[in-house]
Structure formats: C-alpha cells, structure tokens
Participant: 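I have a structure here, written as structure tokens, and I will follow up with some questions on it.
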There are 2 protein chains.
Amino acid sequence: MREHQETKKEILNLAEGLLRDRGFNGFSYKHISSALDVKNAAVHYHYPTKSDLGVAIIQRARRGFQKWTQNSKMQNLDFPKKLDEFFGIYRYFLKCGQHVCLGGALETDFKTLPIEMQQETRALASDILNWLQELLKKGREAGSFSFPGNPRDQAIVVLSSLQGALQMVRATDPSYLNAAMKQIERMLKT
Amino acid sequence: MREHQETKKEILNLAEGLLRDRGFNGFSYKHISSALDVKNAAVHYHYPTKSDLGVAIIQRARRGFQKWTQNSKMQNLDFPKKLDEFFGIYRYFLKCGQHVCLGGALETDFKTLPIEMQQETRALASDILNWLQELLKKGREAGSFSFPGNPRDQAIVVLSSLQGALQMVRATDPSYLNAAMKQIERMLKT
DNA sequence: GTCTATACGCTGATAGAC
DNA sequence: GTCTATCAGCGTATAGAC
C-alpha cells in the first residue's frame with residue numbers, strides 16, 4: 001500500500017508519458033495499472049474518468065510551464081539562451097524515447113477529445129505561443145534576433161516547427177530535431 | 001449493390017479522411033461501414049485487416065504525391081509558385097474540416113502502428129522531404145530563394161512547420177496556417 | 001486506497017449463406 | 001460482393017467488500 005499522493009502522482013507521470021508516446025487513444029487504464037502493479041479500479045479511484053486524467057495532465061503541464069518561465073535561472077538569461085532553454089524541453093522529449101510534445105499529441109487527437117480536454121489544450125497552446133511571441137518581440141527589440149514580419153507569425157513558425165520536427169523524427173532520423181533547431185537559430189541570427 | 005472497384009475506392013477515400021481527422025486509433029470499421037451504409041464484413045472483404053487499409057492509404061498518397069510532382073502543370077512553374085502549390089495541399093486539408101496531414105497523423109500515432117504501416121510512413125516522409133529539399137536547393141541556386149545553412153535543414157523546418165501549424169490550428173485559429181506559410185515565404189525571400 | 005467482480009458497448013476479425 | 005451471425009478481447013467504468 002502506497003500513500004495516496006504518491007500513487008496519484010505516479011499515475012499522472014505515467015499517463016503523461018503514455019500520452020506523449022502513444023496519443024490519447026493509444027493508451028488505456030490497463031497500461032497504467034499493470035505498469036504500477038495495481039488494479040484497474042485503483043486508477044479509477046484517483047481519476048474517475050479518462051477525461052479527468054487527461055485534464056489533470058494538461059493542467060499540470062500548464063502550471064509547470066508557468067513556473068518554468070518564471071524560474072529565476074531563466075530570468076537572468078539573454079534572449080538566445082532563453083530560446084535554447086525552450087529548445088531543451090523538446091530535446092528532453094526526444095531523449096525520453098522519441099515522445100512527441102503534449103501539444104502535438106493533443107492537437108492531432110483533438111477531434112476525439114472530450115470538450116474539457118479541448119479547452120485545456122487551447123489554453124496550453126495559447127500559454128506557450130504567447131510566451132514565445134513575447135520572447136521574439138523583446139529579443140528583436142533588443143537586437144538579439146532578426147526576422148521579417150511580426151513576432152506572432154514568427155512564433156507560430158518556430159513552435160509549429162519544433163512540434164512537427166519532434167514527430168518527424170519518428171519516421172526519419174533523431175538528428176532532424178536538432179537540424180530544425182539549428183536552422184531556426186540561423187534564421188533568427190542578426 | 002455497387003461495383004467492386006467503386007466501393008473499394010469509397011472505403012479508401014473515407015478511411016483517409018477519418019485518419020486525417022481522428023488519427024489511426026480514432027476511427028473503426030464501424031465508422032466506415034455505417035457511413036457507406038454497408039456492413040462491417042463488407043469492409044473487411046476489401047481490406048482484411050486495418051493494417052491493410054492503413055498501408056493502402058499511405059501507398060495511394062505516395063503515388064498521388066509522385067504524380068503531383070511530375071504533373072506537367074507543375075513543371076512549368078517557377079520555384080516560388082511550386083512552393084505555393086505545395087502549400088496548397090495543406091490549405092486543402094484545412095478546408096476539408098481542419099484535417100491534419102497524413103504525415104502528422106501517422107507520426108504521432110507511430111508507436112502504435114503495425115510495422116508495415118511504419119515502413120510506409122517512413123517512405124512517405126522521405127518522399128516529401130527529398131522533393132522539398134530539391135526544390136529549395138535548385139531555387140536557391142537559381143536565385144529565387146535565400147536562406148542560410150543547407151537545403152535539407154531548411155526543408156525540415158518548412159515541412160515540420162506546415163505539419164505543426166495544421167495541427168495547431170485546431171487549438172488556436174484557422175488563420176495560423178496561413179500565418180505560418182506567409183512567414184516561411186518571408187524568410188525565404190531574397 | 002486498493003481489491004474482486006462485473007457490466008457492457010465497441011473493436012477487429014472470421015465463417016458461411018446468398 | 002455483401003449479408004447475417006458470431007467471436008474473443010479490450011475499452012471505460014461502477015458497486016461493494018476489505
């Protein structure tokens with residue numbers, strides 16, 4: 001018997017990995033319960049429905065991203081270093097075992113998701129895009145970045161490319177994520 | 001009673017749409033059979049296993065892409081116009097009802113796919129990436145495009161961005177696909 | 001909190017009649 | 001080619017004992 005909070009957190013950790021690895025329709029309560037060596041019903045005790053579980057994954061990720069952006073270590077970095085720290089998130093997913101990012105998994109499965117999950121997915125995408133847009137805007141104003149057009153459009157390209165590259169890796173080569181990041185850096189060079 | 005080839009083609013058309021709309025694990029034989037007003041077993045007659053169906057979808061798409069690139073109308077266009085024609089594929093998917101592209105759907109579900117489908121997915125990604133790389137390479141040599149680094153890296157960014165943007169649209173705004181394409185064009189401007 | 005037991009629709013798939 | 005009938009297994013989910 002574990003403690004409540006411990007099992008609950010383990011479920012969430014595992015489920016998030018499964019979601020990034022296999023998509024929301026590609027994992028089941030059985031995957032979780034057998035991996036944690038508990039029964040199906042124990043998982044349902046902590047997260048009654050799969051939608052509850054999905055929502056919890058996304059909300060935690062949003063809180064984590066918020067905390068990450070406000071982290072004091074982050075605040076002291078210059079703009080290109082901040083961008084590279086952001087790239088680090090995607091490098092981590094690759095290292096995890098070629099996981100895709102949460103946004104990519106959720107948006108691809110979007111039409112099959114319960115509406116509560118759809119709403120959280122929208123909020124997650126908005127959080128990340130807004131932060132990236134601000135980074136690019138201020139970075140260009142400070143002379144650290146150079147790009148044509150407006151920061152929003154550039155943020156869309158950068159984010160969508162990272163998301164897409166992380167998926168593409170699976171059908172091509174792991175080096176393609178790094179290739180995309182290097183090329184993005186080149187394109188933003190002053 | 002329809003003719004053999006007609007039903008078989010209708011199944012393939014419908015299944016491809018469902019795959020782009022809901023992912024490979026998000027549709028079933030029932031979706032297809034009820035939409036075509038036939039029975040489950042009739043679909044299995046044409047495509048015995050779901051893997052057979054999936055492989056057929058990808059192989060047809062590969063043939064279609066090959067034909068598209070060799071189309072005489074395409075051959076006469078200049079490089080920026082060729083790129084815009086390529087963008088048109090993604091605009092079409094958006095118009096279809098915010099479908100994602102085949103590569104994006106398959107790569108996200110990749111780990112759950114039967115190996116025959118994984119192989120075809122790799123081949124599809126390779127086909128498209130090679131074509132795009134050649135377009136960018138020759139376009140730069142001809143002075144139509146300008147970008148730093150090598151054509152392969154640039155192709156990875158362009159393709160992954162289109163793929164990612166088409167997914168992002170679902171959680172944000174339809175205009176984001178066009179925003180991405182506009183920004184890519186700006187970045188490739190001489 | 002976790003268990004056993006169970007419900008029940010859906011899933012991909014097959015056999016055999018027409 | 002399409003049908004009816006049927007299958008075993010898996011999916012999410014619940015009730016109630018410990």
Side-chain angles (χ1 to χ4, degrees), chain A residues 1-19 21-58 105-106 109-118 120, chain B residues 1-19 21-58 105-106 109-118 120:
Chain A
M1 311 272 180
R2 313 146 205 259
E3 287 168 41
H4 179 119
Q5 293 306 332
E6 200 178 325
T7 304
K8 189 163 186 173
K9 193 184 279 185
E10 283 182 64
I11 292 169
L12 206 54
N13 291 340
L14 199 68
E16 183 179 336
L18 284 163
L19 173 54
D21 203 43
R22 304 172 57 88
F24 192 68
N25 299 318
F27 78 92
S28 70
Y29 275 72
K30 198 178 184 181
H31 281 101
I32 298 168
S33 58
S34 60
L36 295 181
D37 202 36
V38 293
K39 296 299 172 185
N40 170 15
V43 184
H44 276 284
Y45 167 79
H46 294 285
Y47 298 98
T49 72
K50 204 180 175 186
S51 179
D52 295 329
L53 180 55
V55 167
I57 293 169
I58 311 173
L106 293 164
D109 288 342
F110 197 80
K111 305 268 196 92
T112 72
L113 299 179
I115 43 164
E116 310 88 52
M117 284 187 67
Q118 294 188 345
E120 286 298 325
Chain B
M1 312 276 178
R2 314 147 205 261
E3 285 168 43
H4 179 119
Q5 293 304 332
E6 200 179 325
T7 303
K8 189 163 187 174
K9 194 184 278 184
E10 283 182 63
I11 292 169
L12 206 55
N13 291 340
L14 199 68
E16 184 180 335
L18 284 163
L19 173 55
D21 203 43
R22 305 172 55 91
F24 192 68
N25 299 317
F27 77 94
S28 69
Y29 275 73
K30 198 179 183 180
H31 282 100
I32 297 166
S33 58
S34 59
L36 294 183
D37 201 37
V38 293
K39 297 298 171 185
N40 169 18
V43 183
H44 275 285
Y45 167 78
H46 294 285
Y47 298 99
T49 73
K50 204 180 175 186
S51 179
D52 294 329
L53 180 54
V55 167
I57 292 170
I58 311 172
L106 292 163
D109 289 342
F110 197 81
K111 305 269 196 91
T112 71
L113 298 179
I115 42 162
E116 309 88 52
M117 283 188 67
Q118 294 188 345
E120 286 297 324

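Within every chain, numbering begins at 1; the chains are lettered A, B, ... in the order of the sequence lines, protein sequences first and strands thereafter. Quick note: numbers below take in every heavy atom, side chains included, and nothing from hydrogens, waters or symmetry partners. Computed from a predicted structure; not experimentally measured.
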Participant: Starting at CG of A/L53 and ending at P of D/dG11, how long is that distance when rounded to a whole Å?
Facilitator: 14 Å
Participant: Taking only residues two or more places apart in sequence or in another chain, which ones pass salt bridge (Lys or Arg N to Asp or Glu O under 4.0 Å) with B/E16?
Facilitator: B/R20, B/R60
Participant: So, using side-chain contact (heavy atoms from CB on, under 4.5 Å) as the criterion, who are the partners of A/H31 when residues are at least two apart?
Facilitator: A/L18, A/R22, A/F27, A/S28
Participant: Testing the basics here: between B/S33 and B/N40, what is the closest heavy-atom pair and its distance to 0.1 Å?
Facilitator: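 Shortest heavy-atom contact: CB-N, 3.6 Å.
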Participant: Tell me: CG of B/L36 to P of D/dG1, nearest whole Å?
Facilitator: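 Result: 16 Å.
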Participant: Of the nucleotides D/dC3, D/dG1, C/dT2, which one has an atom closest to the side chain of B/A42?
Facilitator: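 Looking only at heavy atoms from C-beta outward on B/A42, the closest nucleotide is D/dC3.
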Participant: Any side-chain N or O of B/T7 under 4.0 Å from OP1/OP2 of D/dT2?
Facilitator: yes
Participant: Cation-pi check for B/Y29 against B/K39: NZ or CZ below 6.0 Å from the six-membered ring centre and within 45 degrees of the axis, yes or no?
Facilitator: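 Checked: cation-pi criterion not met.
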Participant: For nucleotides 7-13 of chain C, read 5' to 3', which letter fits each nucleotide if B means a protein heavy atom sits under 4.0 Å from the base, S means only the sugar-phosphate is that close, and - means neither?
Facilitator: ---SSSB
Participant: Would you say the side chain of B/I115 lies within less than 4.5 Å of the side chain of B/Q118, judging by non-hydrogen atoms?
Facilitator: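 Contact flag for B/Q118/B/I115 side chains = yes.
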Participant: Looking at CG of A/L106 and CD1 of A/I58, how far apart are the two atoms once the value is rounded to the nearest 0.5 Å?
Facilitator: 4.5 Å
Participant: Over how many whole Å does the gap from A/D52 atom CG to D/dT14 atom C1' extend?
Facilitator: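 About 14 Å, once rounded to whole Å.
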Participant: In whole angstroms, how far is the P atom of D/dA5 from the OH atom of B/Y45?
Facilitator: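 Atom OH in B/Y45 sits about 22 Å away from atom P in D/dA5.
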